[in-house]
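In the text below, chain A, chain B and the rest are named by the order of the sequence lines, each starting its count at 1.
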Amino acid sequence: MIIRSIRVQSYGMLRDRVFEELARFVVVHGPNEAGKSTLRRFIQDLLFGYSPASLEGHPYAPRDESKMGGEIGIGYASGEEAVLRRRLLSSAVGALRLGERRSKIANQPVDGVDAITRSIYESIYSLDREDLEFPEATWGEVKDRIIGTGGVKGLRTAREVAEELENEGKKLWRSDQRGKTIEAALRERIRDLKGEIRRATERDSEIREKEEALSRIASEKEALEQEKTGIRVALTRAERLLPYRKRLEWIAENEETAGDLSKLAGFPEEIEGFFRPLDGRIESLAGRVEQERSDRDRFAEQMGRFTPELRDVLERADAIEESVEQVAVLRKERADLDDLRSARERKEGAIRERARALIEDPGAAFSLRSVPAHEARTRIHAYRAAREERGALEAAREAAGGLPPPPSLLPVLLAGAVGLALVAGAVLFPESGRRPLLLGAGGASLLVVLLLGWSILSARRRHAGASLEAERRKDAFEEARREEEARLAAVRDSLRDVGLLPSRMAEPDEGLAEDLADLGRALEEREEILRRVESTSGRIRTREAEVLSLCGELSLDVSEAGEATRRLRRVLEEAREAERLHEEAAKRIPELDARLRGLEEEIGRARSEKESMEGNLLALGAGDLAACIDSLETRREALRRAEDERRRIEEEGEDLDALAAEIANLSSTEGDARLSDEEKVRLEERRDEIELRLPEIAAASASLGKEIELLRGEPGASEIEGEKKALEEELEAVYIRHDRLALLARIVREADARFRAEHEPDIVARAGELFSFVSGGRYERLGLDPEEERIELLTPNAVEGIPATHPVSRGTLDQLFLCLRLALLDHLEAGGEPLPLFLDDVLYHWDDERRERGIEVLRRVAERRQVFFLTCNGALARRLAEAGAAFVTLPGPGPAEPPG
Amino acid sequence: MSAFRFVHLSDVHLDAPFASKNEGVRKLLAGSLRRSFERVVGLAIEERVHALLIAGDLFQKPDPSIAAETFLLGQIRRLRGAGIPVFYASGNHDPVGWAKGTRRIEWPEGTTVFADGDPARHEVRTPDGDLVAWVTGAGHEGPAVEKNLAARFPAASGPLPEIALLHASVEGAGSLEAHDRYAPCAPRDLRGKGYDYWALGHVHKRGSPLADPPAHYPGSLLGLDRTETGEKGVLLVEVCRGAGARVEFRPTAPVLWEEAAVDAAGAATLEALRTLLHTRIVSAGHGEGVLLTIELEGVSPLKRDLEHGEGAADLAGDLAEETGLAFLAVRTGRLRRAVDRDGARVGPLGAALDLIAALREGKEPYDAVLPELARPLPVDAAERDRYLRSLLEGAEEDLVDRMRRGTP
């Protein structure tokens, strides 16, 4: 591939620059900052696409409005020609015209360069001064720089990477166990942890043992404290109880002298005076008994007065009281009866008075069962209505009077005849000069006839109507009169049995109806009075009979109701008083009986007490009663002494019962509260032993507790196990990481060896061929010494090679190194498209010999691939131009050394 | 018909070693395990259950520490004080009577220990002496019981609720693969025996391998490591004879493990990553009482920084302090380096990448590149290849990164 032309539209500092007819060997000359590197980057962007493919990120994006882009003309080894155009706008666009074919390639690499990546191209095909500097290193390193990295700049060599992997792996684990590897550290820590786990397990057992020991110590301590308490109690009791025992014995002796005085406890201090009040008390009680008995007899007599007859009266008390109450009612009813009889007489007088105005025989009024007053009133009302109607009709007829005769038609007929005559005259005498008068008169007469005739006819029609009305009134009057008569007959019929006076029957009116009603009511009221008189009389008789009957039942000889009532009330009162007294007696008698019994018992007890005391005294056996009294006083003195001693002991704060119990207990358990000296010493020694032992035990217990606490504070086996487990997991990861690093190292070394075996001979052969050319045949080829890891320069017919190192001149070595680098390009392309090579400011600092040899190499290389030589050195540029390089000048801001 | 109410727990693992280099975390977890057990006892007392059933692995090992023993007996005495009996069937971790195991523990009155492989049947009575249920249990007699203990359970036919208590691996149980298969059995071994409920233990993840009859694993009482995530606790069960069981999970663990995968590709700097993780932690509601493991994923330029020295650990420590988490681990195993493979296709590096691909695909034998390894390779060829292949995970990125390190 050869770049034939370059057109820069805008790229960094380059604007509208055109370079045409570029040769295979091009020297681009210009001062620093003229754009040489920019031009190289432009060509690489055109070949591989913009990187980065955005205006924002691209370092050569224009800062003005110009469009970034450009084109290059390409000639392929196959002879094809192409024009490649790219622009970087909002996105990267690209177009390739290959012959007649046009295609869009966006930002993809152009055909011919796509076999390698841009980074490789930039590394291998773009060399600067450092790239061509023969390294101050062994040939192994030289080869590594060229072959071990594939010639890619910036890559570390396979050997370096392998060593790094191996070193990292060795930091993790080493088979020779040398050094402090991570694995060794982990294993050591795990080993330590195992020891810690073992110790933790032992600690656990130790804790258990110590816990058990602590438990045993606690048991021993408890037992010793109990024993010590027992000893202390025994000694204390023995020392404390001895005096008390003596005093208690003294108390017991006195109590024994006193004996059992409980039966004589009631005796006062002055015994002889004891019996006098007792006798007085017995006498008093006997008096009270007599009084109570008298009262009882009196109440018994009261009870006897309540006889069966009185009981019978009380049983009938309700009936008696009712009879007494009935007598009061009876008295009132008798008064009512008298009133009723007076009312009857007054009522009968009133009836007779009313009857005289109505009935022919007033005495017969009392025989009337009833007076049809209501019916009579109804019929009288009907009769009075018929009578009034008939009167009204009659008055109407009289007011209407007789009818006049109807009006006559004669005047009409006369006027008509006159009119006709006048008209006829006019007709008959047409020639008469009076004809209009005749006609007028005749006409007026006819008109009068007409008016008069209409008036008379109307009057006659009214007359006929009035005649018909008079006829109807007459009929109605007749009807009313008949109705009046019928109603009167009905009234009379209804009162036929009453026997009314005829005068009251002539024209019955409202007054008759009222009188009849009054009579009827008076008769009814009389009847009611008669019924009440009868009823009251009957009740009075019944009640009087009942009262008398009750008196008879109670055997009371009375014949009159009033007397009977009085007798009944008196008897009832007597019976009730007797009953009250009976009840009082019945209540008091049991009380009196009880009190009598109590008094008698009390008398009995007093007498028994007296007899008992006397017996108790005599039972002392001292002889007669007086002697016995002396004996009692002696024994009482002994008892007082005992009690005084008891009181004193109690005042000392001691419980006598507890003391006695303690002494009794001590006596029963120890044989005797009074310990022997030996026993006391033995107990005291034992107590001292215990007191010495107890602090030891407490100290041991505290020590054990502290030890246990400390042991428990130590991490447990499981916790350590957790750390160990984590470290074992880490150790496992370390092994894996080591194995991985070791495997990768081996892989890298193996790959490196294979790569070298495959590529190194060809590269060295190609470099040898190039070197032979540029050395003018002085050296025929290059050789490899794998053992020494060096390259040898072989001259024609040489038996042994010359090691490519000092004292071979530096120029020769630089030349050799350049050949090796360029041979790598040929090797990598291996039949592919030879791509342009960029050399940036190389050679100029070499001495003349080295520079000339380098130029020779480049000239030879340019025969196969295009070479762009970028330099600001004018002399070097001139020399290159002389060697056949085409010249491209980039004027820049700084002065460039003129090419001459 | 009266209901039998009980608390079912298992896999307490008292004395469990909590694998962590962080002493604070180890102490937190050990304390939390005891706190969780105390809560179980409190729950049993509060709910006035008839019994507490422990389906094995009460201890991490047959010979518990005196601290664990003292603690446990104290808790059982609390239950005893409330009139709640304890039924405990040993598991593979705590085979009662094996070696110098738990036989020497002086169990308080009211504790029934099923130590033999042959099932035994015990009555459950209330404090008033009323018989409310029967519990049939069998224990592990050694640390690796391979017998089918469930098959030995007799048929139960009484009128009262019948409960089976066993530490076993029931085929089909979720996450069974994470556990050794001790006392293996199949669901058919549990069916048709007349038990109203199978109180199981061994699987640390809560689950039910069988619905009829109901068989439940309550799971471990506390997440023993970062893989045992989520809430942990016990089952509160109510059983009526022949009428199924009402099972209710009650969390008791005061701390729990959680996991979260975070794509770190969007974070270009450690500060950006810290902000991203902080946001994720807070938005997930994690805080005090959570031990969180964040697995970073995706391609990130920060892998080298995180894996260098204590980079990830420092980040985790800072975030835990900021968010109040009980513990935070940031893992970078799945994080991939952001490497520019340009330039990696030439030279020895390209050859190395080709060789890795060939090894991985089996086109090249490992023998040619086998280095001296820290430990002998597994004898089994498949296992050996699996191990070596695992070493090559992320090898390409690592190599390219190393080769280009220092490249501007």
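Inspection of the B:Gln60 and A:Ser718 side chains reveals no N or O donor paired with an N or O acceptor under 3.5 Å.
When heavy atoms are compared at a cutoff of 4.5 Å, A:Leu741 approaches chain B solely by way of its side chain, counted from C-beta outward. There is no contact between A:Arg737 and chain B, counting heavy-atom distances below 4.5 Å. Of the two parts of A:Arg208, the backbone and the side chain both hold a non-hydrogen atom closer than 4.5 Å to a non-hydrogen atom of chain B. In this structure, the portion of B:Leu359 lying under 4.5 Å from any heavy atom of chain A is its side chain and not its backbone. For B:Ala30, no part lies under 4.5 angstrom from a heavy atom of chain A. Contact of A:Glu183 with chain B is not made at all, since no heavy-atom distance falls under 4.5 Å. Only the side chain of B:Thr70 comes within contact range of chain A, judged by heavy atoms closer than 4.5 Å. Residue contact with chain A, scored on non-hydrogen atoms closer than 4.5 Å, involves the backbone and the side chain of B:Ser65 alike.
Heavy-atom pairs under 4.5 Å with chain A were tallied for B:Ile66, B:Asp354, B:Leu355; the largest tally goes to B:Ile66. Among A:Lys725, A:Glu750, A:Glu723, the residue with the largest count of heavy-atom pairs under 4.5 Å with chain B is A:Glu723. Your options are B:Glu364, B:Glu23, B:Glu393, and the one with the most heavy-atom pairs under 4.5 Å with chain A is B:Glu364.
Not a single ring-ring contact (aromatic ring centres under 6.0 Å, His included) links B:Phe18 to another residue, sequence neighbours left out.
Note: A:Tyr121 and A:Phe48 have tilted aromatic rings, judged against thresholds of 30 and 60 degrees for the angle between ring planes. Ring geometry for A:His759 versus A:Phe755: interplanar angle of 30 to 60°, hence tilted.
Residues B:Leu399 and B:Ala352 share a closest heavy-atom pair of CD1-CB, 4.1 Å. Considering all non-hydrogen atoms of both residues, B:Arg26 and A:Gly722 come closest at CD-C, 3.8 Å.
The pair A:Arg118-A:Asp45 meets the salt-bridge criterion, since a charged nitrogen lies less than 4.0 angstrom from a carboxylate oxygen. Under a 4.0 Å N-O distance rule, the pair B:Glu38/B:Arg35 qualifies as a salt bridge.
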Taking it one step at a time, do B:Tyr366 and B:Arg389 satisfy side chain to side chain contact (heavy atoms under 4.5 Å, CB included)?
CA-CA 9 Å; B:Tyr366 280 102; B:Arg389 259 201 309 279; 3.2 Å; yes
Worked check of side chain to side chain contact (heavy atoms under 4.5 Å, CB included) between A:Glu730 and B:Lys21:
CA-CA 10 Å; A:Glu730 190 177 338; B:Lys21 290 165 71 178; 2.7 Å; yes
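Contacts with chain A (heavy atom to heavy atom, under 4.5 Å) involve no residue of residues 327-334 of chain B.
Dense packing is recorded around CD of A:Gln177, with more than 12 heavy atoms of other residues, nucleotides or ligands lying under 6.0 Å away.
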